[in-house]
*Asks:* 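Please find one structure pasted underneath; my questions will follow.
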Amino acid sequence: MTRNKGAFAGVFAALLFAAALIGACGVLVESAARAHAPVQRFGAAEAVVTGRQSVKVRVKRIGEGPEEQSRPLAEHTRVQAAVAQRLRTVPGVRGVVADVSFPVLAPSGQVLNGHGWDSAALRPYRLSAGRAPQAPDEVVLSRSAGVAPGGQVRLQMNGTPQRYRVTGLVPSGPDAAFFTTATAAALYGHPGQVDALAVLADATVSPAALEKAAPGLTVATGPARGDAEDVAVSAARPDILQLGASIGGVAVMTALVVVGGLIALSVRERSREFALLRAIGATPWQVRRRLLRETLAAGLPAALIGGVLSLALGAGMHAAMVHKGVLPDGFDLSLSPLPALAAFGVTLLAALLTALAASLRTSRIRPVQALGEAAVDPAGLPRWRAVTGVVFLILGLSALGASTTTTGPTANASIGGLVISLIIATALLGPVVAGFGNRVLGRAVRLVAPVSGRMAQHASGAAALRAGSVITPVALAIAFAGTQLFAQTTVVQATTEQAAAGNRADQVLVSAGPGLPQGAADAARRVPGVAAATPVKNTTVVMAVKELGEKNLQSLTARGIGAGFEATMDPKPTAGRIGDLRDGTVALNRDVAGGLRVGSTAPLWLGDGTLIKPRVVALYERGLGFGDVLLPHAVVAAHSSTSLDDNVLVKGKADLRPVGAAYTGVHAMDRAEFGARFSQQLRLQGFVGYVVVLAIGGFIVIGLVTTLALATAARRREFALLRLVGGTRRQVLRMLRLEAAIILGTGAATGVLIVTVTLMALAMAVTGLPVPAVSPVTVALLLLGVAGSGAAAILLPAHAMLRRRTSPKISAS
């Protein structure tokens with residue numbers, strides 16, 4: 001007896017793609033775990049001392065002990081400049097540079113990093129022309145600025161552009177502007193504080209001694225020094241870790257469902273062979289070992305090749321995410337054998353477990369029953385499978401209830417659990433679903449073609465287990481792709497609509513550079529015809545959010561809003577008054593309030609880690625469009641890396657061109673244009689979802705095609721019998737088309753049902769109405785792609801088999 005070549009090739013292909021996908025997710029996880037911003041300016045420093053760039057708290061758990069939770073900070077945590085004196089006393093330290101950094105905008109639109117001249121020793125920068133700055137109006141620029149020594153240049157920091165004389169040039173990259181130390185401190189705007197203390201020391205200096213001299217601060221050495229320059233990478237690291245782990249988990253679950261169904265189908269195809277082995281005296285474990293060896297023969301090379309390919313696939317996903325701006329600059333790719341080895345092990349283990357599970361029934365039947373049992377597919381569903389399927393169905397319904405009664409991240413997590421539970425329930429209860437679909441759709445095809453339709457209904461009903469194995473990947477492909485695609489469009493549309501509905505401004509001042517100087521809002525207010533001009537500064541705060549009785553530390557989007565906000569924005573308060581927002585107060589999105597009411601105290605950490613305990617003055621509804629937290633503008637600006645604003649909302653249709661002319665890179669746009677720009681930014685953020693759909697959805701479709709082709713090829717005896725009893729080739733093909741309509745239609749309907757339930761729950765969580773944003777064209781293309789590939793996988797092998805001349809003898813193989 002020999003193994004089925006078609007089944008071997010199908011299992012090989014499915015395992016290869018599964019290993020490649022799992023390993024690619026591992027590449028993302030490893031890159032996130034090892035990610036550090038590149039060391040550029042601090043290359044000459046042995047260590048860099050900064051403030052703590054994360055918030056850590058102990059959170060109580062119901063029925064458990066306290067749990068420590070941590071979230072990164074999105075802004076630089078400042079350090080007291082006086083700490084430098086203590087660091088200089090550490091043995092081995094030659095000097096300490098108090099480094100400050102602030103954005104500088106050149107007339108050409110080029111963004112430079114402003115520093116004091118003493119920071120030039122950290123890269124180290126070497127003057128390629130001229131001399132160091134000595135007066136308040138002197139500056140040294142990067143050569144890329146295109147200004148020769150002795151020339152004049154107008155530079156914009158946090159005010160109108162000021163004229164400076166260029167005294168020298170340094171090589172380009174990273175582009176910088178160096179002022180005198182006193183001038184840089186004044187432009188930095190935080191007396192007595194600095195971004196970092198760069199330690200120039202011998203290689204023998206002890207990091208422990210530095211930590212002792214700077215208690216409560218972070219001492220970064222080696223690659224970690226880059227995080228002191230740019231906090232974007234460290235801030236993004238936990239989210240990318242979570243994303244990679246989440247995608248990897250979905251990939252493993254998908255591989256189990258697809259590969260498990262394929263192996264189970266191949267085992268049923270060979271049930272007569274295994275029955276014969278049992279009839280001649282083979283023990284159950286001998287049958288199982290045979291199947292495990294064959295699975296191992298396909299799995300070992302597939303997992304090995306897929307693991308190697310996963311490194312290239314992961315690198316491609318990383319490059320695409322960097323290109324689209326999903327990953328911050330400097331988020332480097334890390335490649336090692338670990339993801340490939342993990343993919344190899346996980347894929348091989350999944351294949352062996354599914355093969356073992358698929359062989360249990362075939363290997364346990366008694367020898368005297370073996371051949372009779374193998375003659376037809378069993379009609380019933382194993383008890384363990386039915387019970388487990390019902391359990392997952394109940395879990396899905398529980399997740400549905402949680403998603404409709406909670407909000408925010410808990411609701412999103414419940415929705416993810418809902419999808420996974422329903423898909424697993426479908427895989428376990430596939431034969432039951434197939435039987436129901438056969439009864440409903442079978443009647444429809446019998447109306448279309450009474451004879452062929454009856455044959456199609458009988459064929460799909462007689463092999464419920466086979467039909468269940470086919471239905472599962474169809475439903476999985478539609479459910480996964482539909483949920484991923486339309487969940488994004490639902491959130492984007494809700495966010496865009498909330499932002500548009502709450503924006504009362506007639507015009508918006510924006511900047512082509514790093515931001516708007518704070519004087520831009522004052523200048524706009526002085527323009528005749530302007531009723532209000534509200535500066536808006538975006539940031540991220542950390543807050544313990546309570547849901548389902550427990551608190552979890554979360555990073556929340558926040559905005560600092562200035563004077564006149566009542567005339568320019570309406571976040572739709574549901575309790576309290578937004579107009580009461582002032583120093584010492586906060587307004588919260590009701591989804592993250594977690595039981596807090598107007599008058600309650602809401603402890604939270606600002607962007608630089610400063611803990612404040614403001615009083616809640618309002619709860620509002622439009623959290624997607626306006627962020628989770630609204631704070632006074634001055635509070636946010638004082639605790640951000642820069643005091644530049646993101647935009648200024650202007651009430652009034654006055655001519656704002658004089659304001660734009662006074663500042664470099666500043667211009668006005670109307671409300672519609674600003675809304676379109678905002679919507680485009682949101683869609684770019686959803687790029688990861690499309691990558692996930694392309695990768696995992698493509699794998700599911702490959703598994704679907706392989707499963708269907710294998711299931712069709714296993715029916716050669718059935719087709720031969722139909723031809724022998726007088727059926728024409730055309731009649732058999734028509735029966736197959738109608739049978740495909742029943743099976744694929746049932747799978748598609750199941751997938752659409754899962755998508756509908758999930759998206760309605762999501763829409764209810766984010767908008768309060770069970771109306772998701774779904775594109776009919778995308779739905780049609782999705783259904784056509786899945787159903788078309790499935791139909792081709794059924795009909796093309798059947799066409800090939802029916803072209804052959806039918807022999808009057810029907811073999812038992």
Side-chain angles (χ1 to χ4, degrees), residues 37 40-41 74-76 100-115 139-147 151-164 166 170 172-179 183-184 186-190 195 229-232 325 328-330 505 507-524 527 533-540 559-560 562 607 633 636-637 640-650 656-670 673-674 676-678 680-681 684:
Q40 295 179 329
R41 291 191 301 104
E75 310 279 355
H76 279 289
V100 298
S101 181
F102 48 91
V104 177
L105 189 61
S108 62
Q110 181 184 19
V111 180
L112 310 171
N113 292 313
H115 309 284
V139 65
V140 169
L141 296 179
S142 296
R143 186 172 293 276
S144 61
V147 183
Q152 299 286 322
V153 63
R154 292 176 63 85
L155 301 177
Q156 177 176 291
M157 275 68 74
N158 192 26
T160 56
Q162 301 296 317
R163 189 175 298 277
Y164 290 85
V166 179
V170 294
S172 301
D175 296 330
F178 293 100
F179 303 85
T183 302
L187 293 173
Y188 180 64
H190 300 281
D195 283 329
E229 296 184 32
D230 184 2
V231 299
D329 292 337
Q507 301 180 79
V508 182
L509 284 174
V510 297
S511 172
L516 288 85
Q518 292 188 356
D522 295 330
V527 175
T534 303
V536 176
K537 183 166 182 60
N538 299 326
T539 188
T540 301
R559 289 185 178 184
H633 179 272
V636 173
S640 298
S641 297
T642 76
S643 56
L644 299 176
D645 296 323
D646 289 277
N647 54 70
V648 175
L649 304 177
V650 179
L656 296 178
R657 283 178 296 182
V659 179
Y663 296 92
T664 303
V666 174
H667 65 281
M669 58 176 59
D670 59 29
E673 185 181 358
F674 180 74
R677 175 181 175 181
F678 178 66
Q680 178 63 23
Q681 291 173 345
L684 284 176

*Asks:* Apply side chain to side chain contact (heavy atoms under 4.5 Å, CB included) to Asn647 and list each qualifying residue two or more places apart in sequence or on a separate chain.
*Replies:* Val508, Val510, Val536, Leu649, Phe674
*Asks:* Rounded to the nearest 0.5 Å, what separates atom CG in Asn113 from atom CG in Asp175?
*Replies:* 8.0 Å
*Asks:* Please name all residues satisfying salt bridge (Lys or Arg N to Asp or Glu O under 4.0 Å) with Asp646, sequence neighbours left out, ordered by chain then number.
*Replies:* none
*Asks:* Taking Thr664's backbone N and O only, do any of them form a donor-acceptor pair with Gln156's side chain (distance below 3.5 Å, no angle check)?
*Replies:* yes
*Asks:* According to side-chain hydrogen bond (donor to acceptor under 3.5 Å, both in side chains), who are the partners of His190, at least two apart in sequence or on a separate chain?
*Replies:* Arg78
*Asks:* Give me the ring orientation class for Phe179 and Tyr164: parallel if the planes are under 30° apart, tilted from 30 to 60°, perpendicular past 60°.
*Replies:* perpendicular
*Asks:* Taking Lys537 for its side chain and Ser640 for its backbone only, find out whether a donor-acceptor pair lies under 3.5 Å.
*Replies:* no
*Asks:* Quick check: does any side chain N or O of Glu229 sit under 3.5 Å from a backbone N or O of Arg41, one acting as donor and the other as acceptor?
*Replies:* yes
*Asks:* Pro514 and Leu105: which non-hydrogen atoms are nearest, and at how many Å?
*Replies:* CD-CD1, 4.0 Å
*Asks:* Please tell me if the side chains of Leu516 and Val648 come closer than 4.5 Å, counting only heavy atoms from C-beta onward.
*Replies:* yes
*Asks:* Please report the closest heavy-atom contact between Ala524 and Leu509, naming both atoms and the distance.
*Replies:* CB-CD1, 4.0 Å
*Asks:* Run the side-chain hydrogen bond (donor to acceptor under 3.5 Å, both in side chains) test against His76 and tell me which residues pass, sequence neighbours left out.
*Replies:* none
*Asks:* Output yes when a side-chain donor or acceptor of Arg154 lies under 3.5 Å from a complementary backbone atom of Pro161, and no otherwise.
*Replies:* yes
*Asks:* With a 4.5 Å heavy-atom cut-off, do Met669 and His667 have their side chains touching?
*Replies:* yes
*Asks:* Is there a side-chain contact between His633 and Asp645 in this structure, where contact means two heavy atoms from C-beta onward sitting under 4.5 Å apart?
*Replies:* yes
*Asks:* Among all residues two or more places apart in sequence or in another chain, which pass the side-chain hydrogen bond (donor to acceptor under 3.5 Å, both in side chains) test with Thr539?
*Replies:* Glu75
*Asks:* Within the distance-only criterion (no hydrogens, no angle test), does the side chain of Tyr188 pair as donor or acceptor with the backbone N or O of Thr183 below 3.5 angstrom?
*Replies:* no
*Asks:* Under a 3.5 Å cutoff, is there a donor and acceptor pairing between the side chains of Ser101 and Asp195?
*Replies:* no
*Asks:* Might you point out which heavy atoms bring Ala74 and Thr540 nearest each other, and give the distance in Å?
*Replies:* CB-CB, 3.8 Å
*Asks:* Answer yes or no: is there a donor N or O on one side and an acceptor on the other, between the side chain of Gln152 and the main chain of Arg163, under 3.5 Å?
*Replies:* no
*Asks:* Using salt bridge (Lys or Arg N to Asp or Glu O under 4.0 Å) as the criterion, list what pairs up with Arg657, not counting sequence neighbours.
*Replies:* Asp655
*Asks:* So, the side chain of Ser142 versus the backbone of Ala176: is there a donor-acceptor pair under 3.5 Å, distance only?
*Replies:* yes
